[in-house]
2 protein chains.
Amino acid sequence: MKRVITQMNLPKGRPRDQHADTKILEAALRLLERHGFRAVTLEGIAEEAGVARTTVYRRWPNKAAVVMDAFLTQVAPGIAFPEHPVAVERLRLQMQLLARAFRQGPGLLIRSLIAEAQFDEELRAAVHHGWIAKRRASAKAIIADAILAGELPNDVNADALLDTLYGGLYYWLLIDHEVLTEAYVDSLFATVLGPSSHMAQSKRFDCDRDVPGATSRIRSG
Amino acid sequence: MKRVITQMNLPKGRPRDQHADTKILEAALRLLERHGFRAVTLEGIAEEAGVARTTVYRRWPNKAAVVMDAFLTQVAPGIAFPEHPVAVERLRLQMQLLARAFRQGPGLLIRSLIAEAQFDEELRAAVHHGWIAKRRASAKAIIADAILAGELPNDVNADALLDTLYGGLYYWLLIDHEVLTEAYVDSLFATVLGPSSHMAQSKRFDCDRDVPGATSRIRSG
DNA sequence: TATATACGATGCACGGTGTAGCGAAAAGTT
DNA sequence: AACTTTTCGCTACACCGTGCATCGTATATA
């Protein structure tokens with residue numbers, strides 16, 4: 001779908017207006033912030049961008065795809081894993097960044113996108129690859145570092161660990177949004193990793209673990 | 001507005017067809033199983049039920065409300081907390097019940113409902129009260145029992161504990177559905193509560209007493 | 001100049017929603 | 001029995017967003 005332009009592969013006709021892309025995405029963000037996902041239409045986005053509706057359709061297949069791109073360009077850069085000498089602390093600090101985003105505008109967007117993805121397999125894949133997978137890969141690398149540093153036992157199930165940690169955040173976002181204070185995020189974190197997370201919690205991990213299905217989990221990321 | 005019928009408050013005119021309710025809900029379930037939430041329309045439900053479309057609109061405000069009721073009447077009875085002498089085991093066994101439901105037809109329904117609830121505040125409240133809140137109250141009571149029995153430390157944060165446990169399940173359901181084996185559910189559980197929390201024998205007792213009939217429903221006329 | 005593509009503008013068929021009005025049916029009330 | 005009230009099935013309709021097609025025009029390359 002995406003058209004890659006190289007010197008070997010020159011498009012023949014009138015080139016696409018490069019400004020149109022950003023105009024459309026910015027218009028989408030403006031309208032989304034004002035009216036929410038459901039109330040926003042492709043017609044409205046095109047009008048707000050000063051562009052014909054057909055022009056939008058030439059670049060994205062539907063509204064969800066436009067919003068997905070707008071969301072990624074605006075939000076994704078702001079929630080990278082912070083640096084910290086203690087690896088596990090990097091997880092906690094990033095959870096706090098994510099929670100802050102969830103509390104504000106981006107939270108509404110990601111809610112809408114995940115919701116819409118339940119009905120649109122293509123969007124679901126886009127959310128997964130563009131939003132979930134990258135961060136999850138980074139998190140797994142950090143967990144590996146934490147194990148090497150002795151902050152976590154080496155038999156930790158990284159998938160289950162991340163599902164419980166971030167699952168708690170998404171559960172709040174999508175299902176039970178009452179309060180999401182920094183303290184509560186910390187308590188989510190502490191519930192899984194223990195109150196002093198940078199030290200291995202012998203109480204939780206000292207037994208031999210036999211979780212036979214854990215390695216059978218298939219992941220794309 | 002809910003219409004409460006008592007002996008003091010008799011409706012004047014022609015009474016509503018009592019069979020229509022169940023006919024509509026059953027028709028909705030049949031169609032949902034066959035075609036999914038998005039493809040199902042109120043028109044189709046009414047036709048399948050052998051009922052006029054206006055009759056459906058007199059009882060529910062929109063499709064999501066009908067589906068919500070159909071879902072609750074079918075699914076909710078099947079996932080009550082099983083009995084077990086070890087309190088914590090009751091949590092684990094119920095997570096397995098829920099996971100089994102998530103893997104099958106009901107999983108698709110609850111996905112659709114939670115998704116739709118992101119755009120419909122009324123439906124969101126209905127999902128919360130009819131689906132989430134009751135089970136969460138039961139779970140908290142069980143946690144209290146577990147603390148009394150010495151299975152959990154008495155300073156445990158029940159909310160955070162449940163958010164991480166069930167958050168992991170819903171995270172799988174809504175965002176990252178690859179495989180959800182029993183073993184993986186156990187590893188989610190073990191990640192939060194430690195492998196030592198009585199994962200030995202799982203005797204299963206049927207116990208449907210958690211769902212006392214009609215739950216809170218959103219209705220129009 | 002010839003070719004190829006994007007542009008804005010317009011029109012349109014499609015499908016589902018939610019409401020309104022109709023006469024008939026089914027209950028209670030007098 | 002006559003009256004009142006409410007639901008019933010049915011039909012009709014306005015509304016809205018979608019997605020596609022088409023048109024003449026603009027802007028690039030060969």
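In what follows, chains are A, B, ... by sequence order, proteins preceding strands, each numbered from 1.
The side chain of B/R58 has D/dC8 as its nearest neighbour among D/dC8, C/dC7, C/dG16. Distance from the side chain of B/T41 is smallest for C/dG16 among the nucleotides C/dG16, D/dT7, D/dT18. Distances from the side chain of B/R14 to the nucleotides D/dT7, D/dC13, C/dG8 place D/dT7 closest.
Looking at A/D17 and A/T55, their side chains never come closer than 4.5 Å, going by heavy atoms from C-beta outward.
Classification of A/E116 and B/R38 as a salt-bridged pair holds, one side-chain N sitting under 4.0 Å from a carboxylate O.
When only modelled atom types and interatomic distance are considered, B/Y184 and A/D159 share no side-chain donor-acceptor pair under 3.5 Å.
Between A/T54 and C/dG8 there is no side-chain N or O to OP1 or OP2 distance below 4.0 Å. Regarding contacts with the backbone of C/dA9, every side-chain N or O of A/R53 stays at 4.0 angstrom or more from both OP1 and OP2. Contact annotation: A/T55 side-chain N/O to C/dA6 OP1/OP2 distance is not under 4.0 Å.
Here the P atom of nucleotide C/dC7 and the CD atom of A/E47 are 18 Å apart, to the nearest Å. One interatomic measurement links the two molecules: CD1 of B/I45 to P of C/dG15, which rounds to 18 Å at whole-angstrom precision. To the nearest angstrom, P of C/dA4 lies 18 Å from CZ of A/R16.
Between B/P15 and B/E43, the residue anchored nearer the 5' end of DNA chain C, judged by the nucleotide with its closest heavy atom, is B/E43.
Proximity of the aromatic rings of A/F119 and B/F37 is defined here by a centroid distance below 6.0 angstrom, and this criterion is met.
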